[in-house]
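What follows is a single structure, written as C-alpha cells, with notes after it.
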Amino acid sequence: MARSIGRRPKTSQAAQPGMIFSAAPPSALSNEASRKSAGPSAFPRFQSTASDQLNPRLSDRFAAARVKLRGAFTPSQPITDRRMFAGRIDVLTTLIRSLEDQRVHVIMYGERGIGKTSLVHVLTQAAQEARYIVVYVSCGAGSSFDEIFRAVAADVPLLFHRGFAPTANEAEKGGTLADLLPSGPLSPRLVADLFAKMTGTRLLVVLDEFDVCESPEFRRNIAELIKNLSDRAIRTQLVIAGVAADLTELVEHIPSIRRNIFALQVPKMTASEISHLVENGEEVSGVTFDRTAIEFIVFVANGSPYLASLLSHHAGLAAIDKSRTKVTAEDVSIAVDQALAEFRGRISKHSQIQIDQAAKSGVRHVLGVMAGAALFNNGRFDGRDVDALYPSAANAANFKGTIDELAARQILIEVHEDEYGRGYRFAEESVLPYLWILAAQKRFLENRKAPPPEKPADTAVDKIAVQAPATALDKTTARPSGASSRAADRS
C-alpha cells in the first residue's frame, strides 16, 4: 500500500508559466467520450505484479519475454545468479586458490562498473558451498570498526566456539559470538582474540565498497586486524573490494601486511567475455541478438560489463516494443541513445554546455577517444596513451596540442600530476562514459557503411582513434578557475 507524506495534491491545477510540462490540447480535454472508449488498457501500467508474476489483465503476448529480459540483464544490480556470470573464470579460480591454498586475505580493486561486486557475490556462493560462514558487509561513509564486527560476530553461532559444546544451553538457544563481546569499543586485537577461539569452520568477512568509508581510523584498524589474523593463523579471512587507483590508496599502512594479502586489480572484460554475457542473457530471456547487434554492444561496452548489460537490456526492450524477440543493430542504436540520455542526466549543467560547445568546435571526438582510454584508468590518461593510439608522430603531436589547449582552458579536462608523471584527468567522472559512448556509436555506425580496413585495430579505443582536429577551440567556453568538480556517480 502506498502512503503519501505531506499535503494532498490538488485534484486539478492550471498550467503555470515557465513550467516544463504544458497543458493538454483542448481537443484532448474535450473529447471525454474518446478517452473513455480507450479503456483501461490505454493507460500505462506495470507489466507484472509485486511477486514478479505476469499481470493476468494484460493481453500482451510479449509480456513474458519482457519479464524474463528484466532478470537476464540487470545493469543496476550485481550478478547474484551464477548462470548469468560471464567470463572471469580464471579470475574467480585465482581468488579461490588464494583463499583456500595460500590462506591470505584478498583485496579487489578497480573502476566502477567493472564487476567487482558481482565477482564478490559469486565468490561468496562458492565459499558457502564449501561450508564457510560468509558475512557480507556493504560499507558506508560512516562505517565504524566496532559496528561492523559486532554485526559479523552476531552471524557466527556459539556452536563454533571451542569453549561451548554443541549441546551447551547457550548454543542450543541460538547464541552467537556477539554474546561474548564486551560493551566497550572493540579493538582489532580483541576481535582477533574472539575469532581465534573458532573451530570446525572458517569465516569469510566480505567488506564491499570499502573505499566509501571516510574514516582513516577504520582503515588502520582493518590493516591491524589483517596482521593479527595472519600472524596467529586464525580461521578468519577478509575479502575487501573497492574503487581505487592502486593498492596503497585502498588500505593505509599496506607495507606491514603486504605478505598477508593477495591484491587483484579487476581487469576489464575481453570481447569474447562480453559476447558470453549477451549469450547468457539470450538463454535466460529467450530474446536473441543477431551478430551485428552483439558486435555493436561489444564495441561500445569497451570491456565494461555494466555498459554491456545496460545496452543489452535497453536493446531487448526496444525489440519487444516492436513485437519482436530478435534484436538488431537498430535496436542497439536506440539503446545507445537511451544510455546517453541517462548519462547526460548525471552530468552537471556546466559540463553539458562545455560538451555541446566542444562538439561545435570539432574537438568532442578528441575527448571521446581519451575518455575511452581513461575509463578503466581512474579517469586518467597521459601522453603515452596518445602515442599508443596514434603511431604517426605528426598525428600524436597534433592530438597532444589539442589536449594541452583544452586543459589550459579547463574545458572538461585538467592537468594531473602524480607519481606516474604529468597526465590529465577528466574534471567530472560522469563525463567519461558519455563522451566514450558518443564517439563509439558514431564510429561503429560509420564503419558499417565503409569498407573493412586492411588491418583491424586491437581494441575499441584503437578503432575510433582518428587524426586530431587542428581547430583552435575558439567557440568553446572555458571553465572558470577553481570551478572543477567531481561527480559522486556510483552507477
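FYI, side chains are in, hydrogens and waters are out, and symmetry mates aren't considered; it's all heavy atoms of this structure. Predicted model, so just to flag it, every value in this text is computed and none were measured.
Across all non-hydrogen atoms, the minimal contact from Glu414 to Ala427 is OE1-CB, 3.9 Å. Minimum interatomic distance between Val327 and Ala315 (heavy atoms only, all atoms of both residues): CG1-CB, 3.8 Å. Pro305 and Gly115 get closest at one heavy-atom pair: CG-N, 4.0 Å. The shortest non-hydrogen separation linking Leu177 to Pro157 is CD2-O, 4.5 Å.
In this structure, Ser309 contributes its side chain and Tyr306 its backbone to no donor-acceptor pair below 3.5 Å. Under the 3.5 Å distance criterion, the side-chain polar atoms of Trp436 are matched with a main-chain donor or acceptor of Val300. The backbone N or O of Arg97 lies less than 3.5 Å from no partner atom in the side chain of Glu100, so there is not a single donor-acceptor pair. For the pair Arg150 (side chain) and Leu186 (backbone), a donor-acceptor distance under 3.5 Å is absent. One N or O on the side chain of Ser275 and one on the backbone of Ala271 form a donor-acceptor pair closer than 3.5 Å. Although no hydrogens or angles enter the test, the distance criterion places no donor-acceptor pair under 3.5 Å between the side chain of Gln265 and the main chain of Tyr109. Counting only distance, with no hydrogens or angles, the side chain of Gln352 and the backbone of Arg344 share a donor-acceptor pair below 3.5 Å. For Asp385 (side chain) and Asp382 (main-chain N/O), a donor-acceptor pair under 3.5 Å exists by modelled atom type. A side-chain donor-acceptor contact under 3.5 Å links Lys116 to the backbone of Gly110. Arg324 places a side-chain N or O within 3.5 Å of a backbone atom of Lys326 that can act as its donor or acceptor partner.
Ring to ring, Tyr136 and His121 are close: their centroids are under 6.0 angstrom apart. Phe210 and Phe218 have their aromatic ring centers within a separation under 6.0 angstrom.
For the 3.5 Å distance criterion, the side chains of Asp90 and Thr93 fail to qualify, holding no donor opposite an acceptor. Side chains of Ser351 and Glu428: a donor on one and an acceptor on the other come within 3.5 Å. No hydrogens or angles considered: a donor-acceptor pair under 3.5 Å links the side chains of Glu342 and His314. When only modelled atom types and interatomic distance are considered, Thr199 and His161 share no side-chain donor-acceptor pair under 3.5 Å. No donor-acceptor contact under 3.5 angstrom links the side chains of Tyr132 and Arg202, judged on distance only.
A side chain to side chain contact (heavy atoms under 4.5 Å, CB included) with Met108 is found for exactly one of Thr117, Ile240, Leu95, Ile114, namely Leu95. Here the rule is side-chain hydrogen bond (donor to acceptor under 3.5 Å, both in side chains) with Asn280, and of Glu283, His276, Glu282 only His276 fits it.
Between Ser333 and Gln441 there is a side-chain heavy-atom pair separated by less than 4.5 Å. Contact of the Met198 side chain with the Val156 side chain is registered, since non-hydrogen atoms from C-beta on lie closer than 4.5 Å. Annotation: side chain of Leu229 is in contact with side chain of Leu238 (closest heavy-atom distance under 4.5 Å). The side-chain heavy atoms of Lys442 and Leu438, taken from C-beta on, include no pair separated by under 4.5 Å. Contact annotation: the side chain of Asp321 approaches that of Arg66 to within less than 4.5 Å [non-hydrogen atoms, C-beta and beyond]. Under the 4.5 Å side-chain criterion, counting only non-hydrogen atoms from C-beta, Ile355 is in contact with Val431. Inter-residue side-chain proximity for Val205 and Leu203 is flagged as met; some heavy-atom pair is nearer than 4.5 Å. Residues Arg425 and Ile413 form no side-chain contact, since every pair of their non-hydrogen atoms from C-beta on lies 4.5 Å or further apart.
For CD of Gln128, the number of neighbouring non-hydrogen atoms (other residues, nucleotides, ligands) closer than 6.0 Å is greater than 12. Under a cut-off of 6.0 angstrom, the local environment of NZ in Lys227 is crowded, with over 12 non-hydrogen atoms contributed by other residues, nucleotides or ligands.
Here Glu295 pairs with Arg291 in a salt bridge; the nearest charged N to carboxylate O distance falls below 4.0 Å.
Ring-plane geometry between Phe73 and Phe289 is classed as perpendicular, the angle between the planes exceeding 60 degrees on a 0 to 90 degree scale with a lower cut at 30. In this pair, Phe444 and Phe296 present their aromatic rings parallel. The plane angle is below 30°, not in the 30 to 60° band.
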